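Each remark here refers to the structure printed beneath this line.
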Amino acid sequence: MTITMVYEVYLDNSATTPVFSEVIDIMAKVMREEYGNPSSLHRRGSGAERLMQEARRTMAALLCVSSEEIIFTSGGTESNNLAILGIARRNRRQGDHLVTTLIEHSSVLEPFQQLEEEGFKVTYLLPDARGLIDPVAAAAAVGERTILVSIMHVNNEIGSLLPVSPISAAIKARNPRVFFHVDGVQSFGKLHLQPGAMGIDALSISAHKFHGPRGAGVLYLRKGIHMEPLLRGGGHEDGRRAGTENTPAIAGMALAASLSCREQAQKINKLTFLKEKLLSSVEQAHPWLKVNGPREGDAAAPHILNISFPGLKGELILHSLEEYGVYISTGSACHSRKNAPSHVLQALKLDTRTMEGTIRISLSEQNTAAQIEYAAAALHKVVAALA
Ligand SMILES: Cc1ncc(COP(=O)(O)O)c(C=O)c1O
């Protein structure tokens with residue numbers, strides 16, 4: 001099949017997503033018209049404060065929580081740091097043991113490493129070969145002195161969808177005082193995510209993963225949980241996160257969240273269909289490829305596909321696809337410049353040839369079937385040329 005470069009196909013939506021045009025419009029409007037500081041006592045300030053309250057109500061309603069439980073942050077990294085460092089340090093008198101997994105994002109793993117340096121003991125759970133964590137194993141790691149468990153909802157590299165509700169039930173049956181934090185950065189806006197119904201005490205989300213702006217995120221923190229702030233200053237966010245609020249980004253995030261959470265069932269069906277279409281088409285031409293993480297079913301996120309072509313170099317595939325206008329990733333964008341094998345692929349115990357030949361394709365609802373056909377044809381050509 002001959003293909004000519006007709007357009008751009010962006011398939012790196014787990015790294016970041018294109019911002020919805022409605023979101024760009026509202027942000028420009030807020031910057032132009034509601035430029036006041038929400039803390040100011042005059043009319044410009046109260047206008048900005050009203051916008052913040054509206055955004056807080058929107059985020060709370062989408063998560064089915066109350067407005068006081070929403071803390072605005074600068075994104076997923078800050079929400080994860082704040083939840084983990086803040087909850088552990090503030091509740092140290094109750095215990096010094098923490099639990100997480102080996103496949104978390106670095107913005108979870110590094111705070112845990114910091115806490116180890118501060119004298120906490122951390123248990124790192126090993127995933128199974130598909131990148132899943134067994135609730136029974138999670139519960140077995142919890143003891144009398146455990147104060148916090150942090151486990152992600154969707155893995156950003158391999159798209160495994162972790163059984164968050166059963167994990168919560170299992171760890172809390174073992175120790176009802178334990179707090180459960182979930183990194184929901186890759187799932188919010190795509191999958192059902194309700195802290196109350198799922199037994200989540202703290203939840204991190206990030207606007208730029210659901211077509212909102214960079215530099216805005218939320219930490220949901222269940223009422224009654226005490227946490228030490230990371231940033232101190234003007235008492236913003238009820239003393240939990242100081243700093244003048246990024247009103248345009250927060251308003252943009254709330255709109256992006258509302259738009260992303262519409263018609264979720266249809267969206268999941270569409271993403272599942274596109275992902276399977278891409279995979280089956282490439283697999284037909286190259287049956288030797290390996291799928292990393294769950295391929296389908298309840299344990300597979302509908303928007304992330306991680307595949308290996310053992311013996312090839314993922315980075316070469318990436319740059320060759322770029323020539324066709326198709327953008328993908330070799331793993332998580334945060335690590336792809338480090339030139340080290342991904343800790344997630346290592347935790348799956350993949351051999352070096354397989355790890356080196358890995359690419360990640362991540363979809364959004366903006367992708368079309370025609371784009372997927374084009375990308376599959378391009379990938380087929382690239383792999384055939386490199387193999
Ligand atoms: C699972 C996960 N958690 C946290 C983050 C960090 O989010 P942010 O880029 O908003 O700091 C990312 C970003 O890729 C992620 O994929």
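In this text, all values refer to a predicted model and were calculated from it rather than measured experimentally. Quick note: numbers below take in every heavy atom, side chains included, and nothing from hydrogens, waters or symmetry partners. Indexing begins at 1, ligand by ligand and atom by atom, following the structure's order.
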Which atoms form the tightest heavy-atom contact between Leu132 and Ala299, and what is the distance?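 Here Leu132 and Ala299 meet closest at CD1-CB, 3.6 Å.
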Is the shortest side-chain N to carboxylate O distance from Glu365 to Lys190 below 4.0 Å?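 Salt bridge: no.
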Is there a donor in the side chain of [X] and an acceptor in the side chain of [Y], or the other way round, less than 3.5 Å apart?
X      : Y      : value
Thr354 : Asp351 : yes
Gln114 : Glu118 : yes
Asn246 : Ser74  : no

Non-hydrogen atom of Glu104 closer than 4.0 Å to ligand 1: no
Within less than 4.0 angstrom of ligand 1, does Gly217 place any heavy atom?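 No.
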Would you say Gly76 has any N or O atom under 3.5 Å from an N or O of ligand 1, going by distance alone? yes
If you measure every N or O of Ser107 against every N or O of ligand 1, does any of those distances drop under 3.5 Å? no
Going by the order shown, which atoms of ligand 1 are within less than 4.0 Å of some heavy atom of [X]?
X      : answer
Asn80  : 3 (N), 4 (C)
Gly75  : 10 (O)
Asp183 : 1 (C), 2 (C), 3 (N), 4 (C)
Met152 : 1 (C)
Ser206 : 8 (P), 10 (O)
His208 : 8 (P), 9 (O), 10 (O)

Of the listed options Gln186, His105, Glu157, closest to atom 5 (C) of ligand 1 (non-hydrogen atoms): His105
For atom 11 (O) of ligand 1, tell me which residue out of Ile103, Val108, Thr77 has the closest non-hydrogen atom.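 Comparing heavy atoms across Ile103, Val108, Thr77, the nearest one to atom 11 (O) of ligand 1 lies in Thr77.
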Are there more than 12 heavy atoms of other residues, nucleotides or ligands under 6.0 Å from atom [atom1] of [X]?
X      : atom1 : answer
Glu144 : CD    : no
Gln284 : CD    : no
Asp298 : CG    : no

